[in-house]
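Presented below is the structure to which this report refers.
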Amino acid sequence: MEVKRDILWRVYLCFLGIVALSLVVLGKVFYIQRVQGAYWKGLSDSLHQKFVELDAERGTIYSEDSSMLSTSIPYFNIYIDFGADGLREKNGRRFTENLDSLSGCLAALFDDQSAAAYKKILLKGYRTVDRYYELQSNVSFEKYQKLRNFPLVRQGRNKSGFIAEVVNKRLNPFGLLANRTIGLARANAQNVGLERTYDTLLRGESGRRLVRYIAGGTYIPVEGYEIEAENGKDIVTTIDVNIQDIVENALLKELIDNEAEHGTCIVMEVATGRIKAIANLGLQPDGTYWEDLNYAIRATEPGSTFKLATLLSLLEDKKISLSNTVNLEGGTWKISNRTVYDAEKHGKYVVPVKEAFELSSNVGMAKLAVAHYSTNPNQFIDHLRKLHLDRPTGIDLVGESTPVIITPKSRTWSATALPWMAFGYEVLVSPLQTLTLYNAVANNGRMMKPYLVSSVQESGITVKENQPTAIVEKICSDETLRQLKECLIGVCQDPEGTGTKVFKDAFYKVAGKTGTALVANRSRGYADHIYQSTFVGYFPAAAPKYTCIVVIKNKPFAKKFYGAAVAAPVFREVADHLMSTSADQEFAATPPLTKDSLRYCYAGRTRDIKLVEQTMGLTYTDSAGSTDYGRLYASTRGSQPVLNREPVSRQMMPDVKGMGLKDALYLLEGMDLRVAVKGSGKVRTQSIEPGSPLQKRETIFIQLD
Amino acid sequence: MSNTTTIERTPFSGLRSRTKGDKVIWTAVVLLAVVSLLVVYSSTGLLAYKMYKGNTEVYLFKQFAFILVGVMIIYFAHQVNYTVYSKVARILFIISIPLLFYTLFFGVKLNEGSRWIRLPIINMTFQTSDLAKLALFMYLGRLLSKKQDVIKDFRSGFLPVITPVAIICLLIAPANLSTALLIGATSLMLLFIGRVSAKHLLLTIGVAAIPVALLISAAVIRHSANGGTTEKPKVEGKSGLFVRVDTWISRVETFVYGGKEDNGDNSYQINQAKIAIAKGGILGLGPGNSQQRNFLPHPYSDFIYAIIIEEYGMVGGIFIVFIYLVFLLRSIRIFRRCPFAFGAFLALGLSFTLVIQALANMAVNVNLFPVTGVTLPLVSMGGSSFLFTCLAIGIILSVARNVESTEGGDAGRTTASTGKEAEPV
């Protein structure tokens with residue numbers, strides 16, 4: 001038993017060792033719990049819980065008629081995790097089995113590389129076990145849907161390793177249209193335009209959500225710790241897509257024609273100050289034009305269009321009447337070592353004030369200003385202040401520059417400041433401000449604040465509505481107003497008027513003013529002969545509906561540079577379109593159709609109309625371009641009929657009035673509508689108003705006559 | 001869950017009349033099996049989600065089946081006269097050597113290292129080291145009992161005993177160093193109990209310490225070379241053994257230097273285990289309420305002790321340790337009462353190795369030892385190790401049964417006395 005005892009103490013020694021080890025283990029447990037407990041529990045939360053941002057959806061910018069001008073579209077970035085368990089299991093059987101078919105599908109879908117190239121990419125990724133290989137970025141939802149059904153991909157993320165990440169991109173469905181004004185929402189640069197002005201509204205509030213990690217790469221939300229993202233609000237602008245389109249095209253045509261540097265054109269609704277269209281086109285290095293900067297709100301020397309303010313001031317102060325005369329000195333006048341030149345040589349001397357204004361004489365305006373205000377320039381400047389020409393209009397766009405109106409107190413004030421101001425130099429005023437002033441004249445003295453956003457909506461419900469507001473209730477007396485209007489109309493119809501040539505054959509009356517300003521070219525001064533051509537005015541003159549300004553900055557030594565020659569034609573084209581469409585609206589609103597061939601309009605397929613016209617040897621003005629449907633107006637005042645485009649959208653009820661049954665049926669049934677027809681001839685009335693949203697298989701009644 | 005415990009008890013209580021051996025050990029086995037069912041069910045949620053689309057009962061039933069099979073193994077093993085195991089030990093030992101060789105070169109690679117072979121018919125992977133371990137300890141029992149007379153002699157006593165230990169350890173080491181070290185340490189303890197000269201044992205430790213020291217110094221050198229980061233450098237184009245060496249080095253490195261901020265693979269596991277322990281507190285979060293099971297890799301095997309503490313608290317942790325210690329004490333009691341050297345050594349060897357493995361698992365969980373893939377015997381989810389553990393317990397109970405019957409009426413003495421092994425010590 002000696003041996004057994006010898007063994008026994010050894011056994012107990014070992015047992016004690018085991019017990020000691022057990023105590024150490026439990027001691028360590030105690031240590032972890034009591035001493036380090038707080039640390040580990042805290043670490044647990046930080047490791048397994050985190051706040052994730054819930055992105056708010058950016059609001060959409062709509063045009064007046066609810067077309068989307070800017071909206072957010074989801075795009076997908078496709079990545080592949082070549083280390084995915086399912087992809088690699090069984091020695092990558094799933095990968096190799098699907099490799100060829102997948103490569104083929106990818107090549108067919110993205111169409112950028114051959115199937116062999118895709119196969120190579122996939123094989124390389126698989127070999128190097130790239131866990132985040134970017135296969136494609138900015139894949140559209142449509143393509144993404146197709147991709148999801150591809151071999152391998154359809155087996156899901158864990159088996160295929162395919163990961164899709166969503167990115168929201170801003171999309172402007174109308175492309176160029178008012179692009180700068182609508183603005184840009186960019187990830188890495190500052191927003192511009194409405195996107196920036198209304199950024200806080202459009203952006204919404206991103207929410208926060210506490211999530212807990214549950215392994216396998218997934219997180220689940222922790223209940224009660226969630227702040228919902230508040231989606232951005234939608235913005236309805238005053239922009240009318242059709243007018244914008246007309247304006248943009250007319251301006252573009254002229255810019256290209258004259259190789260101009262940049263141009264802007266704004267159309268404002270007289271009674272409200274709503275901006276119906278705003279185009280800003282600048283020459284790009286590649287020779288094309290793009291909406292690059294908002295020229296409409298940049299202050300420049302306005303030139304002759306500013307003479308309206310001078311005239312207003314003179315008339316309001318009763319310094320002169322329109323019949324007073326002024327000596328134009330043949331077009332040049334020397335004052336304090338500087339010489340005033342009239343833009344066009346006319347060789348006239350003593351003329352009435354009205355005529356001096358109509359032929360846009362710088363000498364005339366300078367002399368009148370010097371004669372009546374040189375003793376007290378502030379009286380004149382006070383008028384400019386009253387017209388709000390010394391401060392921004394307050395339009396809802398960021399970046400509107402502050403105008404500059406110098407006063408005798410200014411350091412730059414000189415003896416020639418007053419006469420030069422009188423014809424629009426030595427002051428900086430933006431096209432929008434000039435437009436606002438002319439609009440006030442058109443609106444019988446009530447100066448309206450220009451605005452771009454008519455309402456803010458949240459999920460289709462209007463939360464804020466912008467009402468037209470007046471900046472100045474009455475800019476001058478009715479008598480002055482009448483005289484100003486007379487002058488502005490005179491510019492466009494009197495024999496001396498600078499705009500007469502352009503507007504004499506229009507079927508409506510225009511009141512406006514040309515402007516041709518020599519522009520300083522930074523350090524080179526006025527040596528480069530760069531002219532800024534302007535035309536601003538309103539129409540129809542008798543009952544003004546729209547005010548419009550066109551400002552084009554020409555290239556150096558441009559052949560054509562007069563406001564009447566460069567800017568006025570753009571104005572004319574815009575006005576023609578607007579007047580004919582509004583004429584059409586009036587005509588449509590009066591159902592008893594008089595069968596007056598002069599005012600008859602032919603609607604139908606553009607191609608057919610053109611064919612008819614050609615066959616019959618008729619000439620016509622074509623503004624329809626290549627659109628499918630057009631409308632031919634027998635313009636009474638114009639020499640030629642105008643063929644206008646007829647916007648046909650898939651979402652909106654087209655205007656079939658004036659079409660033959662064949663055209664109307666083809667168009668409407670092609671849109672999945674049921675058509676009930678009554679009568680014969682051409683369509684007189686349609687039961688669903690043009691422009692209203694379409695509902696599939698809706699029944700529309702058309703009355704033919 | 002409570003239903004399953006009663007289901008578990010019912011067939012067992014029916015067997016009570018026919019089961020022999022130490023009742024306390026039987027109870028310990030049942031208790032551990034119940035804990036195993038509860039914790040495995042709780043911690044396999046994620047695995048079930050991954051493999052069986054959320055059908056969590058799959059693993060519960062699997063474990064239940066394992067326990068049933070395990071109990072059957074114990075039952076049949078304890079019915080066998082333990083003297084038979086003397087011959088079985090030798091055969092198993094001889095078989096295990098080629099098996100280990102095969103595993104080393106052709107084995108299935110799970111996680112890292114090739115430790116497994118797949119059984120052809122039942123298509124189950126099993127870790128050959130489990131078999132080798134059992135075979136070695138049984139065989140050691142046989143050798144120690146035979147060599148008691150000459151045990152102090154180096155050539156005739158020490159060398160024959162140490163050789164099998166060295167063979168097994170060297171064969172396991174390349175694929176599974178930690179298991180090899182554990183087996184080596186346990187073997188040395190058994191040799192100490194078996195009265196092997198302390199001088200020889202120290203010599204063995206000295207020889208074995210050389211590679212371990214090399215490993216640690218390699219870790220230290222690499223750590224300072226990497227500018228104090230425990231980042232694992234990429235190993236490519238190296239043969240399997242080199243990759244394994246690399247793994248050991250980085251594990252040692254993590255253990256020595258692994259900071260709390262380090263989120264590498266190994267310290268991730270350790271941190272998660274510590275979080276589980278810290279969350280458990282005194283009474284735990286309650287059955288099935290573990291949160292860390294979602295973050296700990298293998299919460300149902302390697303890190304089951306941390307989950308036990310998280311769900312059942314410090315109390316649960318102490319209870320598990322207590323069961324193992326009681327089990328060990330009862331085995332020592334069997335040893336004391338066993339009149340025959342082989343039986344005595346068999347009971348001691350198998351129980352010590354089982355408890356040491358349990359403590360090793362716990363020590364890893366509380367970050368006393370570096371991370372190794374050691375399971376908690378009888379508690380960790382199924383697999384070959386579970387069944388081999390059951391076999392070991394069956395053998396211990398077989399000795400106990402013999403001791404009982406010997407004391408009861410000396411009936412076992414004749415059956416048990418075969419040659420030298422019957423010699424009382």
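So you know, we letter chains A, B, ... as the sequences are listed, proteins then strands, and number each from 1. The model shown is predicted, which means the values in this text are computed figures rather than measured ones.
Annotation for B:R336: atom CZ does not count as buried by contact number, only 12 or fewer foreign heavy atoms lying within 6.0 Å.
For B:L325, the parts lying near chain A are the backbone and the side chain together; criterion is any non-hydrogen pair under 4.5 Å. When heavy atoms are compared at a cutoff of 4.5 Å, A:Y12 approaches chain B solely by way of its side chain, counted from C-beta outward. Contact of B:I332 with chain A is made through the side chain alone, with heavy-atom distances under 4.5 Å. For chain A, the nearby parts of B:V366 are the backbone and the side chain; heavy atoms of each come within less than 4.5 Å.
Side-chain contact annotation: B:Q357 with B:T375, donor-acceptor N/O pair under 3.5 Å present. For A:Q36 and B:K274, the side-chain atoms include no donor-acceptor pair closer than 3.5 Å.
Heavy-atom neighbours of chain B within the stretch residues 135-149 of chain A, taken at a separation under 4.5 angstrom, are nonexistent.
A:W40 is listed as a side-chain neighbour of B:N271, based on a closest heavy-atom distance under 4.5 Å.
Within the structure, salt bridge (charged side-chain N to carboxylate O under 4.0 Å, His left out) pairs that include any residue of residues 345-364 of chain B do not occur (at least two apart or interchain).
Listed by chain and number, the residues in a salt bridge (charged side-chain N to carboxylate O under 4.0 Å, His left out) with A:E134 amount to none (sequence neighbours excluded). With sequence neighbours left out, the side-chain contact (heavy atoms from CB on, under 4.5 Å) criterion links A:S160 to A:L152, A:F162.
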